[in-house]
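Keep in mind it's a predicted model, so treat the numbers as computed, not measured. Quick note: numbers below take in every heavy atom, side chains included, and nothing from hydrogens, waters or symmetry partners.
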Amino acid sequence: VVPDLGAHPGPDKLARHALAGSVVQLLQQDASVRLGDDEEGVHKFRVATRRLRSDLGTFIDSLDGEQAGWLREELRWLGNEVGRVRDNHVLAGNLQRAIDALPADDVALAQHLLKRLRRQAQNARESMLAALRSERYDLLLDGLVRVAGSGLPLPEDALQRSSKRDAGIMNNLVRKRWRRLADAVDALGDDPPDAALHDVRIKAKRCRYTAEAVTPVAGERAARFAVAVSRLQTVLGDHQDTVVAERWLREAADAMPVSRLVAGELIAHQRAERARLRAEWPSVWTTVSAKRLRIRL
């Protein structure tokens, strides 16, 4: 159960509230992820692991650092296991849309690529299910339920903070994430490498999660800011999907010479889409970086 925040929650209560929400989502999706290849369930499960890692890092000063660090590392492991399954879902959808645009004669050749991807997806799912059946996963769940239910032991200085100082701390949590995001964007050149845009996307995701975590206290302005940042995360996420698809297609073409021609056509499709997204993201950033969205955060 997600704990009640009360009238004037400090960082410790806000941390437990945010963590509990993600733990509930994780547990709610556990059965559907195990029982079937539920794409939406896998997506929500993965998001929960990512949000938990982000929130544990955001609120690290209000939690027991050693325990929070262990939970974050275990969530990284779990997120990687589930992430491979989710990445195959995204890649399959991406490739299918591109294949639908191919000439009819090439669609049959593309089925060899999809067959290879299905085998890869099955292997990833088997690995994920093994992880979910492991004692390691059970121990992680126990730790997450404990922190969601009662919180990790707080450092002494956290117990002595005033409510006024708490408000400043929570605002600073968002500012810190925002500064890291803005600095990463400022460091980009006119034609940034794909890896640099991917790094911006990761920082945007963390900034969004932090803004959403403090929204119960910070209010509507933080919520609007989180929505704007999520748009940047989405467009750069779509950009990264094309990078992943092209890399996979190149590897598949090397392993399956019969598919090289159609793989080349699909790579051209990915590059065209990537060019479109590269042209789009700066305008999204202009909206995100508007001062009116960030004032009083």
Side-chain angles (χ1 to χ4, degrees), residues 1-3 5 9 11-30 32-33 38-63 65 67-87 89-90 128 131-132 137 140-149 151-152 170 173-174 176-178 180-181 198-218 222-234 236-237 240 288 297:
V1 178
V2 179
L5 277 173
D12 56 325
K13 286 187 178 180
L14 195 62
R16 290 195 289 272
H17 183 269
L19 294 169
S22 293
V23 172
V24 167
Q25 178 168 311
L26 193 82
L27 294 173
Q28 286 177 337
Q29 302 304 323
D30 181 280
S32 64
V33 170
D38 179 359
E39 293 191 15
E40 186 61 21
V42 170
H43 171 60
K44 290 180 178 179
F45 191 98
R46 185 194 201 184
V47 167
T49 65
R50 287 179 163 181
R51 191 182 292 272
L52 281 164
R53 285 197 75 245
S54 178
D55 288 345
L56 283 165
T58 295
F59 295 106
I60 190 72
D61 291 337
S62 297
L63 302 169
Q67 281 287 344
W70 174 76
L71 287 171
R72 292 189 78 217
E73 284 306 308
E74 292 303 279
L75 284 164
R76 183 196 298 275
W77 158 74
L78 179 61
N80 286 339
E81 290 291 342
V82 180
R84 283 191 286 272
V85 176
R86 175 58 183 167
D87 288 345
H89 290 163
V90 173
M128 178 191 70
L132 295 180
Y137 176 64
L140 172 58
L141 285 185
D142 287 343
L144 291 172
V145 170
R146 281 198 305 273
V147 69
L152 297 170
M170 288 183 281
L173 293 175
V174 182
K176 183 186 296 185
R177 294 290 198 188
W178 162 254
R180 289 175 181 171
L181 171 59
H198 183 47
D199 181 63
V200 169
R201 183 239 177 184
I202 291 172
K203 287 180 170 60
K205 175 185 65 180
R206 292 171 180 167
C207 187
R208 168 199 168 191
Y209 287 165
T210 302
E212 289 175 344
V214 305
T215 291
V217 173
R224 289 199 299 271
F225 177 66
V227 169
V229 176
S230 73
R231 295 185 184 123
L232 178 66
Q233 179 189 342
T234 295
L236 291 180
Q240 180 63 14
V288 173
L297 276 178

Chemist: With sequence neighbours excluded, tell me which residues meet salt bridge (Lys or Arg N to Asp or Glu O under 4.0 Å) with K203.
Modeler: D199

Chemist: Any chance you could measure K205, atom NZ, to R50, atom CZ, to the nearest 0.5 Å?
Modeler: 4.0 Å

Chemist: Nearest heavy-atom pair of T49 and L78: which atoms, and what distance?
Modeler: CG2-CD2, 3.8 Å

Chemist: Taking all atoms of both residues into account, what is the closest heavy-atom pair of R86 and E39, and its distance?
Modeler: NH1-O, 3.9 Å

Chemist: Locate the shortest heavy-atom distance separating C207 from V229; write the atom from each residue and the value.
Modeler: CB-CG1, 4.3 Å

Chemist: To the nearest 0.5 angstrom, please state how far the OG1 atom of T58 sits from the CG atom of L14.
Modeler: 10.0 Å

Chemist: Can a donor-acceptor pair be found, under 3.5 Å and without considering hydrogens, that links the side chain of E212 to the backbone of A226?
Modeler: no

Chemist: Any chance you could measure D30, atom CG, to L132, atom CG, to the nearest 0.5 Å?
Modeler: 6.0 Å

Chemist: Just to verify, what does R72 make a salt bridge (Lys or Arg N to Asp or Glu O under 4.0 Å) with, not counting sequence neighbours?
Modeler: none

Chemist: Parallel, tilted or perpendicular: which fits the ring planes of Y137 and F45, with parallel below 30° and perpendicular above 60°?
Modeler: tilted

Chemist: May I have the step-by-step check of side chain to side chain contact (heavy atoms under 4.5 Å, CB included) for V33 and M128, ending in yes or no?
Modeler: CA-CA 9 Å; V33 170; M128 178 191 70; 3.5 Å; yes

Chemist: How close do A18 and A213 get, counting heavy atoms only, and between which atoms?
Modeler: CB-CB, 4.1 Å

Chemist: If you take all heavy atoms of G57 and R177, which pair is closest and at what distance?
Modeler: C-NH2, 4.1 Å

Chemist: Any chance you could measure Q25, atom CD, to Q28, atom CD, to the nearest 0.5 Å?
Modeler: 7.5 Å

Chemist: Calculate, to the nearest 0.5 Å, the distance between atoms CD1 and CD belonging to I60 and Q67 respectively.
Modeler: 10.5 Å

Chemist: Do any N or O atoms from the side chain of T234 and from the backbone of S230 form a donor-acceptor pair under 3.5 angstrom?
Modeler: yes

Chemist: Scan T210, V288, L173 and name whichever one has a side chain to side chain contact (heavy atoms under 4.5 Å, CB included) with W178.
Modeler: V288

Chemist: Passes side chain to side chain contact (heavy atoms under 4.5 Å, CB included), L26 versus L141? Steps please.
Modeler: CA-CA 9 Å; L26 193 82; L141 285 185; 3.7 Å; yes

Chemist: Please find the pair of heavy atoms, one from L232 and one from A204, that lie closest to each other, and give the distance.
Modeler: CD2-CB, 4.0 Å

Chemist: From L144 CG over to L75 CG, what is the distance, rounded to the nearest 0.5 angstrom?
Modeler: 5.0 Å

Chemist: Please test F59 against L19 for side chain to side chain contact (heavy atoms under 4.5 Å, CB included), starting from the C-alpha separation and ending with a verdict.
Modeler: CA-CA 10 Å; F59 295 106; L19 294 169; 5.7 Å; no

Chemist: Report the residues that fulfil salt bridge (Lys or Arg N to Asp or Glu O under 4.0 Å) with R84, sequence neighbours left out, ordered by chain and then residue number.
Modeler: E81

Chemist: Take R51 and R208 through the side chain to side chain contact (heavy atoms under 4.5 Å, CB included) test and state the conclusion after the steps.
Modeler: CA-CA 10 Å; R51 191 182 292 272; R208 168 199 168 191; 4.0 Å; yes

